[in-house]
4 protein chains.
Amino acid sequence: MDGRELPRREREKLAQRGEMMATALDLFSKKGYRNVSMQEIAEKAEFAVGTLYKFFRNKEDLYKALLGEQADAFDEALRIAIEGPGLEIDKLRNYVKAKGLVFRSNVSVIRLYLAETQGASLDIKAGLDTEIRERYGIFLNKLASVFESGMKRKRFRKIADPFSLAVALDSITSAFLLLWLEEPERHPYPEDPDAILNILFKGLVDQ
Amino acid sequence: MDGRELPRREREKLAQRGEMMATALDLFSKKGYRNVSMQEIAEKAEFAVGTLYKFFRNKEDLYKALLGEQADAFDEALRIAIEGPGLEIDKLRNYVKAKGLVFRSNVSVIRLYLAETQGASLDIKAGLDTEIRERYGIFLNKLASVFESGMKRKRFRKIADPFSLAVALDSITSAFLLLWLEEPERHPYPEDPDAILNILFKGLVDQ
Amino acid sequence: MDGRELPRREREKLAQRGEMMATALDLFSKKGYRNVSMQEIAEKAEFAVGTLYKFFRNKEDLYKALLGEQADAFDEALRIAIEGPGLEIDKLRNYVKAKGLVFRSNVSVIRLYLAETQGASLDIKAGLDTEIRERYGIFLNKLASVFESGMKRKRFRKIADPFSLAVALDSITSAFLLLWLEEPERHPYPEDPDAILNILFKGLVDQ
Amino acid sequence: MDGRELPRREREKLAQRGEMMATALDLFSKKGYRNVSMQEIAEKAEFAVGTLYKFFRNKEDLYKALLGEQADAFDEALRIAIEGPGLEIDKLRNYVKAKGLVFRSNVSVIRLYLAETQGASLDIKAGLDTEIRERYGIFLNKLASVFESGMKRKRFRKIADPFSLAVALDSITSAFLLLWLEEPERHPYPEDPDAILNILFKGLVDQ
DNA sequence: CATGAATGAGTCTTCATTCAT
DNA sequence: GATGAATGAAGACTCATTCAT
């Protein structure tokens, strides 16, 4: 038996919590924070409201836990993609691939995550808002340092400052994912990362 | 007298409507759709709630009218920037400039507009959603045709399909505006459009 | 027509407010603060809950207004009874009579008033609590000064300090009123104030 | 071994019950019946809620047991003070002293007890209410009989009927204890019972 | 026609009580 | 026999919408 195995009770609690969060995520991402009632979440998750409140102090708490954990996972996945040794160009490829993968396997979170990082979160005052964006900012800087490193090593040309390039790459991938989200058939997210990266790699205008 | 001149009565009504929408826009963009009450809008606009309901059938209607008209204005401004004769490269420059201008002089709308076009509109079910996005899609195609035309005339290299380039440019400019919105001092929107366009124009990797 | 006459609208509002307060008073005094719901008050007063909230910011507010106004009236009536010129002994008689009258014609308030002045208000944190007691303290001092004045003028013997005598008289009258409240037949509040005052006036033990 | 000694099991249960009641008393007297939850009591007493319900059928039951037992103790102490042989005047002195002692060493109960006997118990409908008051009535009659006996033996003058005197003495002592409770420094409960009794013993007005 | 008072369904949250383990 | 997780009814409060004046 594995030492990391939790006692049954604990495992059940985690499972419950997981179900609640999954249900809440589903509803929030479909209808928006204010349009989902605790009653509704509880009902759909097949718990009593009271039980919901045993796990989360209040509605906002639930929402924050939700976003926080999802953002953690995303952040982690993207961070790993660009860390470690290797050519900068490969890191960027990894990033584009990872972002596609992680988003496409978490469709319901995308809208919520984008709402928070792209700046349209008007329901939850601050706190999460701030926290997620901060981490997002940190990630952008890491991405920028990939560009910077590439320039230092003369592998990239200095066509713009590294941070702007990071912003550009991040926004482009998000935009493509959004298109895919709306019409998956018409706008598939490219399998080959270079389909996106070439926009940055190759110049539109001859030098 | 000008034939287009409206009777006093009509003009007054339009003025009233304008004030209501301006007040609503201000409140919605600051606090979010669900966090603003009709009472609050009426009070701040110095009308009675009943009067508000004379102009807009319900809260959603008001919101849709608001977004719709703002989107109209934006769309128009951006469309004009890329229409007409001239070099494609100049059209793109015009677009980057116009987008900067129009957004920076309508700060309070940005968040709402981005929320709708970038995909986080969870409060209003559909309808507006659809309409704005449709027009947004149409505009993206117009922008794409600028790239296409540039390619046809051998002014642009075929580094990616025109629509993808349009998406890329649009998302990059939006991302920069978002950064500016959060920290205007740290992230000014560039005066020179080439600061942004070079990301597309020049290639990161030598050919 | 009287200049003090209020416009119809205002009069109606006051009448509504009055009805709400009367209903609330009735319910609170019968069932206690926490055992009465705003819904219940609204229903019994034949208003919608929302209307209740138009007049009182919240439940506590309603309770405070209630107690405050009633305490005002009581305080006023008792104060008048012991003010002005005249023999101290007559003032005390007036006080005993007035207290009897005012309480017996406001039966439903007695319990609430006593609960506040006699110290068992555990539902409402502070504020009213404090305010009513303060005014009650002030009144006790006024009553004490009647005893003091009587002593100075050699009309009363110095059997205890004036404040203690005030406390004694006040508590005795309250106690009798409480008895009457429980069993009006068995424990009528005496018509002749001396029936109560003699307890203080005449000595139990020969001097 | 003593025959009255209870088996360990029983003793433990009694001890548990005692702790629950002590905790409940503390909380009720501080926050009021409705503002204390069974969870809170259980937690603070370090038992599970279920255990609480093993000892008391429901919340009201717990409250009644609490008040009942406290009232028993009070009643007993006061009864003893005025029973037995001895001069009536000494019994009254004993009563004043005993009431002071018993109240001051049970501060947390005072408010609850007074709330019940002085008529402001609005939380618990009837039952306890009735029972406590009944016993309180019985005690008042016992106190009255002390006055009566004194009058019969020509030791007291007939300044009022014995029951009224009992009510008066009881309410005065309670009032003084209440004052002490609020501001112990400013209003100490007198060490010498005559400080209070003189209000009854000596007449305010010369005969 | 404008007004804004009135409405009451709907929201979040608490807590007495039960019962499976 | 103790435990405390689960329940869900009930309560305070908000706000979109209506309609009498």
Side-chain angles (χ1 to χ4, degrees), chain A residues 8-9 12-13 16-17 20 33-43 45-63, chain B residues 9 12-13 16 33-43 46-63, chain C residues 8-9 12-13 16-17 20 33-43 45-63, chain D residues 9 12-13 16 33-43 46-63:
Chain A
R8 188 182 51 78
R9 189 76 242 180
E12 271 177 10
K13 280 194 99 173
Q16 281 187 348
R17 197 188 134 98
M20 285 172 185
Y33 180 75
R34 292 293 301 265
N35 298 309
V36 176
S37 75
M38 292 299 264
Q39 207 64 242
E40 195 178 353
I41 297 170
E43 235 159 79
E46 301 188 280
F47 289 102
V49 245
T51 311
L52 209 51
Y53 277 88
K54 281 277 190 301
F55 285 84
F56 308 95
R57 235 172 343 125
N58 52 42
K59 195 181 174 184
E60 194 168 325
D61 209 53
L62 165 58
Y63 187 73
Chain B
R9 192 76 237 185
E12 273 175 9
K13 284 195 106 178
Q16 282 187 346
Y33 180 74
R34 291 293 301 260
N35 299 310
V36 175
S37 72
M38 291 299 263
Q39 264 97 332
E40 197 178 350
I41 297 170
E43 216 164 288
E46 301 188 281
F47 288 101
V49 243
T51 313
L52 211 50
Y53 275 87
K54 283 280 185 298
F55 285 86
F56 308 96
R57 234 172 347 122
N58 53 40
K59 195 180 173 185
E60 195 167 323
D61 209 52
L62 164 58
Y63 187 74
Chain C
R8 187 182 51 77
R9 190 76 240 181
E12 270 177 10
K13 280 195 99 173
Q16 281 188 348
R17 198 188 135 98
M20 285 172 183
Y33 180 75
R34 292 293 302 261
N35 299 308
V36 176
S37 74
M38 292 299 264
Q39 206 66 239
E40 194 179 353
I41 296 170
E43 235 159 77
E46 302 189 278
F47 289 101
V49 244
T51 311
L52 211 51
Y53 278 88
K54 279 278 190 305
F55 286 84
F56 307 95
R57 230 166 351 120
N58 52 41
K59 195 180 174 185
E60 194 167 325
D61 208 52
L62 165 58
Y63 187 73
Chain D
R9 192 74 239 186
E12 272 176 8
K13 284 194 105 180
Q16 281 187 346
Y33 179 74
R34 291 294 301 261
N35 300 310
V36 176
S37 73
M38 292 299 263
Q39 263 98 333
E40 196 178 351
I41 297 170
E43 214 163 292
E46 302 188 279
F47 288 102
V49 246
T51 314
L52 211 51
Y53 276 86
K54 282 279 186 297
F55 285 86
F56 308 96
R57 236 177 339 128
N58 53 39
K59 194 180 174 185
E60 193 167 325
D61 209 52
L62 165 58
Y63 187 74

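Convention: sequence-line order gives letters A, B, ...; per-chain numbering from 1.
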**Prompt:** Tell me, for nucleotides 13-19 of chain F in 5' to 3' order, what letter each nucleotide earns: B for a base near a protein heavy atom under 4.0 Å, S for only sugar-phosphate near one, - for neither?
**Reply:** BBBBBB-
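Every residue two or more places apart in sequence or in another chain was checked for a side chain to side chain contact (heavy atoms under 4.5 Å, CB included) with D:Glu43, and none qualifies. Residues meeting the salt bridge (Lys or Arg N to Asp or Glu O under 4.0 Å) test with B:Glu40, sequence neighbours left out: B:Lys31. With sequence neighbours left out, A:Arg17 forms a side chain to side chain donor-acceptor pair (under 3.5 Å) with A:Glu69.
C:Phe47 CZ to C:Lys54 NZ: the interatomic distance, rounded to the nearest 0.5 Å, is 13.0 Å. Atom OH of A:Tyr33 is separated from atom CZ of B:Arg34 by 11.5 Å, given to the nearest 0.5 angstrom. The CD1 atom of A:Ile41 sits 9.0 Å away from atom CZ of A:Phe56, with the distance rounded to the nearest 0.5 Å.
Rounded to whole angstrom, the span from the CG atom of C:Leu62 across to the P atom of F:dG11 amounts to 16 Å. Rounded to whole Å, the distance from CD on D:Glu40 to P on F:dG4 is 17 Å. For the pair A:Lys13 NZ and F:dA6 C1', the computed distance is 12 Å after rounding to whole Å. E:dA6 atom P lies 18 Å from atom CD of C:Glu43, rounded to whole Å. The nearest whole Å value for the distance from the CG atom in A:Leu52 to the C1' atom in E:dC15 is 16 Å.
For A:Gln16 and F:dA6, the shortest distance from a side-chain N or O to OP1 or OP2 is below 4.0 Å.
Screening A:Met20, A:Arg57, A:Met38 against A:Leu62 for a side chain to side chain contact (heavy atoms under 4.5 Å, CB included) leaves a single residue, A:Met38.
The two atoms that bring A:Ala48 and A:Ala42 nearest to each other are C-CB, 4.0 Å, heavy atoms only.
Comparing D:Glu46 and A:Phe55 along DNA chain F, the residue whose closest nucleotide (by nearest heavy atom) sits nearer the 5' end is D:Glu46.
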**Dot-bracket notation for DNA chain E, counting Watson-Crick and G-U pairs under 3.5 Å, with | for partners on another strand** = .||||||||||||||||||||
